[in-house]
Amino acid sequence: MSKEWPLWEIFVRSENGLAHKHVGSLHAADSEMAVQNARDLYTRRNEGVSIWVVKSSDIVATDPSQSEALFEPSEDKTYRHATFYHVPEGVKHL
Amino acid sequence: MTERFEYLLRLGDSSLVLAQQSAAWVAHAPIMEEDVALANVALDLFGQAKMWLDYAGEVEAAGRDADALAFHRDAGAYRNVLLVEQPNGNFADTIVRGYFYDVWAHLQLAALSRSSDERIAAIAAKAGKETAYHLRRSEDWVVRLGDGTELSHERVQCSVDALWRFSGEFFLGDAIDAAMVAQGIGPDPETLREPWLQRVGAALGTATLAQPADGWMQRGGKQGRHGEALSYMLAEMQVLPRSYPGAAW
């Protein structure tokens, strides 16, 4: 067994209604300790109302060598952005 | 009023001494995460000490504020419980010292938040939230170390055995405590004994640690009788303001 504690990715929700955002990573022996360390490392300046911790090894990421196939096809499809609509006059809360 | 002043010194000095001790771990903790955590606890405790000592200075009405009380009193004028002045030792010593204190402080602050003195009630309510977290952390560590490896179990058991004799002072009342009880300001220290023993006993059980037998308990810190370690600690803490009186950022 490795003597090094596993790495955890930390997500903090800055206020109710917003999504949790990745803020960094830290070492901890288990999830309980990871939450406590995250509280001390990432919320000590009043940054959050909720914390998620996820073992870094549990995160499945895209393969950088597949970037072209994954992301390039969307580059020239500007029609997918909602920039071609005219907002009708009188619509206030869009 | 003198009694209330003394009582506030006891509250403030215990927070202050433990804060200074915890802060000494910065850059020495086993891992970086723990370094920050101990510093956070220390800062909370410094904040609590400042609130208690500022109020003590106002009650005394002799022109002393928290800084004057913290930096310009010698060990004999300090009123902290003996537990908090025990040296940092190894990590287990620090954790157990903090844990014994946290359980007591948590109970005491809950009682003080119902104080007839509104200022004391307000400080206790604020400090209570901080201490609830300190307690969660320190209790977690006691269980981890006790129920951890053979070495960590052995070390933390040594710490529990060595520090147990300083826990009795929490519950020994004197004339000042009696005056506070009479005025509805603070709890009878004796009433905290059973809940303290229950909580600590349960945690030691979970941690597979043996609870020491009742024996001789050290006393005297609240009355100003301290061990020599406190003088060394204060010398380091006070050297700057004493060498350069009135120094400011």
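Values below: every heavy atom of this structure, side chains too, minus hydrogens, waters and symmetry copies. Being a predicted model, the structure only gives us computed values, none of them experimental. Proteins get letters first, then strands, A, B, ... in listed order; numbering begins at 1 in each.
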- Message: For the CD atom on E58(B), are there more than 12 heavy atoms of other groups (residues, nucleotides or ligands in this structure) within a distance under 6.0 Å?
- Response: yes

- Decide if atom CZ of R155(B) counts as having more than 12 heavy atoms of other residues, nucleotides or ligands within a radius under 6.0 Å. no

- Task: Heavy-atom distances under 4.5 Å only: say whether A29(A) touches chain B with side chain, backbone, both or neither.
- Result: side chain

Could you show, one pair per line, the donor-acceptor contacts under 3.5 Å between chain B and chain A?
{"from": "E33(B)", "atom 1": "OE2", "to": "H27(A)", "atom 2": "N", "distance (Å)": "2.6"}
{"from": "N40(B)", "atom 1": "OD1", "to": "R44(A)", "atom 2": "NE", "distance (Å)": "2.8"}
{"from": "N40(B)", "atom 1": "OD1", "to": "R44(A)", "atom 2": "NH2", "distance (Å)": "3.1"}
{"from": "N40(B)", "atom 1": "ND2", "to": "D40(A)", "atom 2": "O", "distance (Å)": "3.1"}
{"from": "N40(B)", "atom 1": "ND2", "to": "D40(A)", "atom 2": "OD1", "distance (Å)": "2.9"}
{"from": "Y133(B)", "atom 1": "OH", "to": "Q36(A)", "atom 2": "O", "distance (Å)": "3.0"}
{"from": "Y133(B)", "atom 1": "OH", "to": "D40(A)", "atom 2": "OD2", "distance (Å)": "3.2"}
{"from": "R144(B)", "atom 1": "NH1", "to": "D30(A)", "atom 2": "OD2", "distance (Å)": "3.0"}
{"from": "R144(B)", "atom 1": "NH2", "to": "D30(A)", "atom 2": "OD1", "distance (Å)": "2.7"}
{"from": "R144(B)", "atom 1": "NH2", "to": "D30(A)", "atom 2": "OD2", "distance (Å)": "3.2"}

